[in-house]
Number of protein chains: 4
Amino acid sequence: MSEVSRRENNKTKRRTAILDAARAQFANKGLQATKMEEIAEMADVSKGTIYLYFETKDDLYVSVILDDFMNIEEQILEIFETDGSLFDKGKSTYLAFIDHCMQNTDYIKIAQYFLTDDARKNMSDKLIETVNEQTSRLIAYVARMVQVGIDSGFIREEIDPKIFSLMIWRMTVGLLELVFSGDTEKLGVGDFHDLFESAYDVLMAGIRKPAQKKSIRTNVEKLAERLRPDGII
Amino acid sequence: MSEVSRRENNKTKRRTAILDAARAQFANKGLQATKMEEIAEMADVSKGTIYLYFETKDDLYVSVILDDFMNIEEQILEIFETDGSLFDKGKSTYLAFIDHCMQNTDYIKIAQYFLTDDARKNMSDKLIETVNEQTSRLIAYVARMVQVGIDSGFIREEIDPKIFSLMIWRMTVGLLELVFSGDTEKLGVGDFHDLFESAYDVLMAGIRKPAQKKSIRTNVEKLAERLRPDGII
Amino acid sequence: MSEVSRRENNKTKRRTAILDAARAQFANKGLQATKMEEIAEMADVSKGTIYLYFETKDDLYVSVILDDFMNIEEQILEIFETDGSLFDKGKSTYLAFIDHCMQNTDYIKIAQYFLTDDARKNMSDKLIETVNEQTSRLIAYVARMVQVGIDSGFIREEIDPKIFSLMIWRMTVGLLELVFSGDTEKLGVGDFHDLFESAYDVLMAGIRKPAQKKSIRTNVEKLAERLRPDGII
Amino acid sequence: MSEVSRRENNKTKRRTAILDAARAQFANKGLQATKMEEIAEMADVSKGTIYLYFETKDDLYVSVILDDFMNIEEQILEIFETDGSLFDKGKSTYLAFIDHCMQNTDYIKIAQYFLTDDARKNMSDKLIETVNEQTSRLIAYVARMVQVGIDSGFIREEIDPKIFSLMIWRMTVGLLELVFSGDTEKLGVGDFHDLFESAYDVLMAGIRKPAQKKSIRTNVEKLAERLRPDGII
DNA sequence: AATGAATGAGTATTCATTCAT
DNA sequence: CATGAATGAATACTCATTCAT
């Protein structure tokens, strides 16, 4: 390994260490309550070093979520590769997302803070832009799927793919926020699995074309590749 | 007017003045960025006076939203009183809520902050409890409506009224948050009216019983009163 | 009872109620930590009323101690009236003082604060003057006793009565402060009675004339009246 | 000088600068009236820097006195090294202590505050412990001297060394407090030297063995070394 | 690149005191 | 006399960020 690449390697390791420490702290105590010092300690670097890798605390915060974001994307894409009907694949993807969020609560917590007024005050436009881009990309996936559904005759033509994407996104995230707040019990919801599955089913029933024709199903294979993120659609 | 009641009257006026000033400031700059001093100035009272009416900044913050909450409830109940089909009334109520929120952005902003980890750290259990109670009540309205729909044969029996309430609540609030963040344009949504109406329609389509029987429709009138918040259901 | 005297009576009762409440609070939490509100509540009057009887918090504080002071003086004078040798009476008086202070810790706590720089900043000259006068009077008693002892040949002529008074006063109060601080245990002193009695005996041994002549004792009776606070000495 | 030791050196200098500034301010205005900002300015550091060296204002306050304490100890030990009779050495030490306190009034002022209820509320147990340890050590010196006096036959066997130590300590400090309060004049004491010397002489007369035997005096030399703080006694 | 000492802006809250009723 | 609502001065402490080494 060359001197340069070893150095590069070290830098990456350190960046990851800081990111991991930050994720842990943020998830545990929230943004405000987390001190840069604590992150530094946990990452085993000095306070100053963090600023060599991230411009501000908010930058670090968003970087954490961006990191998660990329992980989610990766996982979701894998599911797309598998065979199966459009609705089955949709549901698998949806449930995989829920699963991921239930295991990595940080992502939702960031998303929560991100739309907040307080957050916007402290955040650079560049940061907002970056997260927006990522979000748009994820939404576009869903929209594309819906479009495929429409084209294939599974989904009603009146449905606006983009609006539906926002709907399912905000609803899902909203329910996750509720679950993480711990208030669900007080609100009388016991089984999370049930909650999310029911929500999905209602949404699907809401866009499904009443009388599906079998013949159309044969088009699925052909359409699958249109779902790729860098696809033509 | 007696001495005591005049004093009471004054106290109420002052409380309202503080509440209004706080609402304006919070909506404009967010919780953190708003200084108690600024609220005091705008309400034309001294800093110390605020603390005679509200225990802490957070208490004041939540009190603002609770105030909005009660206004919303009032408006919504009026709509229940009007005649019309179940789904029509539901839609009117939903749109009235959207309208209110579009005009009083504070409510959503509080709701947003409320589920946040950071908020929970600073908030008294009593405060959380109070907001939860209010929320539960609003959710119960919706759930009751759904139940009526089921009983009347409009809505599928498999639908869980409570889960559906949480769905529509979180989705609606989530979309409002998105709109208020100003990112909707970047995400390519132009017409808000369309957005919210489409969302509602999808949700309704998702729970509607496919083959509605005309005969049942005649029951609507009879069922209407069961929707009252203090109803027997 | 006339209208005027009934009013006077009420005023006195109220003043006493405030004084008692203040004493209890001050003794329990110290000066700084005690709020005027708490005193008002305990005395069952409004906050504003306290200021009709006492100019400031510090005034109230000192008034409490002055009140105690007068009680102490009264008790001590009674002992002077009894028969007995000079040293016996001295010791009885000293022990009575100790007893009183052990039972009414407030007095010492005030005295402690009184000589403090912090106290002086907030205290009016008039207040300082008043306490000084009281103190001087008490010291004068002791000095007069010592002078009698000298005149009677019990105490060495070289002893300066005033200096000795200051010595025994400051030492006694100092030891009481130590006891009240709770640190005496850590400093290894178990029996308070022993502590104070030993201290007294050492002081007496320090001023006693080595060879006492019996014949002088007959003068005691004659000298007793010279000890009266309003005596001619 | 190495990098590390230079840094250490700087830290020590800064700590001293803060300590000196604090001493000056505290002595001048008392604890409450002194603002952290003023100390920072005088020490030519920022407000935040003080908190790198001292945890709280009270910690700083006590640290000042602890610093003085160590100086006093040093001076006193030197006097022990000189030759002379037990009582002479005792008196020299006593007068040196008085001198030091008259020149560094802070020490007494802290001691005064230290036994106060108000102080105890704000002070950490660790801080109280530390001061108590120092005090105990100083008291132990005196007690050891008294014991030597007893063993040598100069001092009466009935005298409890520990009690006597507390007596002389509290009396001396008490008189110093009185002097610093400025009330001594009003109480009619003019010459401080006289006051303290007389006080000492009375105390000594109070514990001295009436008929001293010359032969014992020869033991003084031998006993002197037992007075060392790290001595075997 | 890494460090960590230094900085200093930033603010909610308390409570003795006043005064209109 | 009594009240208690209103006042507003007063301040220790935190922590993100910087920068000399």
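Lettering of chains follows the sequences in order, A, B, ..., and the numbering in each one begins at 1.
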For [X] and [N], what is the distance between atoms [atom1] and [atom2] respectively, to the nearest whole Å?
X	N	atom1	atom2	answer
D/Asn10	E/dT7	CG	P	12 Å
C/Gln25	E/dC15	CD	C1'	15 Å
C/Ile50	E/dT18	CD1	C1'	14 Å
A/Glu37	E/dG4	CD	C1'	9 Å
B/Met36	F/dA9	CE	C1'	17 Å
B/Gln32	E/dG10	CD	P	13 Å
B/Arg15	F/dA6	CZ	P	13 Å

Check your understanding: When you check the gap from the basic side-chain N to the acidic O, do D/Lys47 and D/Glu41 get nearer than 4.0 Å?
Key -> no

Exercise for review: Would you please confirm or rule out a distance under 4.0 Å between OP1 or OP2 of F/dA6 and any side-chain N or O of B/Arg14?
Suggested key: yes

Check your understanding: For DNA chain E, which consecutive runs of 3 or more Watson-Crick or G-U pairs (each distance under 3.5 Å) count as stems?
Key -> E:2-21 with F:2-21

**Study point:** Side-chain donor/acceptor contact of B/Lys11 with base of F/dG4 under 3.5 Å
**Key:** no

[X] side chain to [Y] main-chain N or O, any donor-acceptor pair under 3.5 Å?
X	Y	value
A/Thr16	A/Thr12	yes
C/Thr34	C/Gln25	yes
C/Glu38	C/Lys35	yes
D/Asp59	D/Glu55	yes

Check your understanding: So which one's nearest nucleotide on DNA chain F is more toward 5', B/Val45 or A/Tyr51?
Key -> B/Val45

Review point. Considering heavy-atom distances to DNA chain F, does C/Ser46 or B/Thr49 have its closest nucleotide positioned more toward the 5' end?
Key: C/Ser46

Practice item. Indicate, with a heavy-atom threshold strictly under 4.0 Å, whether D/Lys47 touches base, sugar-phosphate, or nothing. Key: base

Check your understanding: Does the ring centre of A/Phe54 sit less than 6.0 Å away from the ring centre of A/Tyr61?
Key -> no

Review point. Which pair of heavy atoms, one from D/Ala43 and one from D/Ala17, lies closest together, and at what distance?
Key: CB-O, 3.7 Å

Check your understanding: Could you go step by step and tell me if C/Lys57 and C/Ile50 meet the side-chain contact (heavy atoms from CB on, under 4.5 Å) rule?
Key -> CA-CA 9 Å; C/Lys57 190 184 183 184; C/Ile50 299 183; over 6 Å; no

Exercise for review: Please round to the nearest 0.5 Å and tell me the distance separating atom CD1 of B/Ile65 and atom CE of B/Met70.
Suggested key: 11.5 Å

Exercise for review: Assign each of D/Gly48 and A/Gly48 to its nearest nucleotide of DNA chain E by heavy atoms, then name whichever residue's nucleotide is nearer the 5' end.
Suggested key: A/Gly48

Review point. Taking DNA chain F as the partner, which of residues 52-65 of chain B come within under 4.0 angstrom of it by heavy atom?
Key: B/Leu52, B/Tyr53

